[in-house]
Amino acid sequence: MAFLSGAVALWTAGTGRFLVPNVVTEPPRRFKVGYPSDYPPGRVETRFKEQHGVWVVHGECRGQSQIYALGTVCTHLGCITIWQESEGQFKCPCHGSGFYMDGINFEGPAPRPLERYAIRIADDGQLEIDRGRIFQEELGEWSDPDSFVVV
Ligand code: FES
């Protein structure tokens, strides 16, 4: 009898697993990352890497001081890059590609720069990133004013 009730309990637990929807929660596509004043020149903010896959950078691009959002995904085979503060560069741990602070690739097999996401100043004055819009340097899309905030 104990065997039978144990078997019933196992069957119920197994069946119950299929009655609960397998929900995957995605991070929001748009999110705020603070005010431009939170980003002094040369700053690479790493705290949005894990949840959003984004580096927020206050850097120089084409002689202009900009804040932009770089994707953390290496453009070679998709590994996640790391920020090397002491070297001032992003490095891919998989095959050694390197990217300058502006996202431009300079070594290793990565064929193109990191990608940018749309960024703007929201109504409350905070920087807002939209991961739904991607800008690629090699397509000339980094000149699109939606791919950076001038500071
Ligand atoms: S995936 Fe980054 S160098 Fe290969």
Side-chain angles (χ1 to χ4, degrees), residues 10 13-151:
L10 274 175
T15 304
R17 172 71 186 81
F18 292 104
L19 297 175
V20 179
N22 199 6
V23 177
V24 176
T25 52
E26 295 254 334
R29 200 183 79 169
R30 288 174 188 255
F31 56 98
K32 293 179 179 173
V33 296
Y35 298 91
S37 58
D38 298 333
Y39 295 87
R43 172 85 175 268
V44 174
E45 181 54 68
T46 61
R47 68 190 154 112
F48 304 104
K49 175 186 178 183
E50 295 301 325
Q51 187 180 3
H52 297 287
V54 170
W55 309 111
V56 184
V57 182
H58 182 169
E60 286 273 326
C61 189
R62 298 178 183 130
Q64 192 175 48
S65 180
Q66 301 178 348
I67 296 177
Y68 44 87
L70 292 173
T72 59
V73 175
C74 177
T75 54
H76 178 223
L77 293 176
C79 289
I80 303 302
T81 55
I82 54 177
W83 169 243
Q84 294 183 320
E85 180 79 42
S86 59
E87 309 292 325
Q89 64 187 31
F90 300 100
K91 194 77 179 173
C92 181
C94 290
H95 313 103
S97 288
F99 304 85
Y100 295 121
M101 198 171 87
D102 60 6
I104 300 292
N105 52 311
F106 67 90
E107 65 178 354
R112 60 191 180 87
L114 298 175
E115 295 177 342
R116 283 187 183 187
Y117 295 119
I119 188 169
R120 71 182 191 106
I121 304 280
D123 293 342
D124 63 359
Q126 289 196 63
L127 295 160
E128 183 182 74
I129 294 170
D130 180 357
R131 293 183 65 235
R133 294 184 63 202
I134 294 171
F135 299 87
Q136 295 178 231
E137 192 275 340
E138 68 278 14
L139 300 179
E141 296 172 341
W142 284 10
S143 57
D144 188 318
D146 289 350
S147 73
F148 58 88
V149 168
V150 176
V151 285

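In listed order, ligands and their atoms are each counted from 1.
For atom 4 (Fe) of ligand 1, the set of nearby N, O or S atoms under 2.8 Å includes none belonging to C92. Counting backbone and side-chain atoms alike, H76 contributes an N/O/S atom closer than 2.8 Å to atom 4 (Fe) of ligand 1.
From the protein, the heavy atom lying nearest to atom 1 (S) of ligand 1 is L77 N, 3.3 Å.
When each atom of ligand 1 is checked for a heavy atom of S97 under 4.0 Å away, the hits are 3 (S). Counting the atoms of ligand 1 from 1 in the order shown, those under 4.0 Å from a heavy atom of C79 are 1 (S). Close approach of ligand 1 to C74 (heavy-atom distance below 4.0 Å) involves ligand atoms 1 (S), 2 (Fe), 3 (S).
The SG atoms of C74 and C94 sit 2.5 Å or more apart.
Cation-pi geometry between R131 and Y117 is satisfied (NZ or CZ under 6.0 Å from the ring centre, within 45° of the ring normal).
Q66 and R116 are linked by a side-chain donor-acceptor pair at a separation below 3.5 angstrom, with hydrogens and angles left out of the test.
Taking the six-membered ring for Trp, F48 and W55 have ring centres at least 6.0 Å apart.
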Q: Report the C-alpha separation of I80 and K49 in whole Å, then their side-chain angles, then the decisive distance to 0.1 Å, and conclude whether the side chain to side chain contact (heavy atoms under 4.5 Å, CB included) test is met.
A: CA-CA 9 Å; I80 303 302; K49 175 186 178 183; 3.5 Å; yes

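Each of F106, Y100, F99 was scored for a side-chain contact (heavy atoms from CB on, under 4.5 Å) with Q89, with one residue passing: F106.
Its N, O or S atom nearest to atom 4 (Fe) of ligand 1 is what matters here, and for H95 that atom is ND1.
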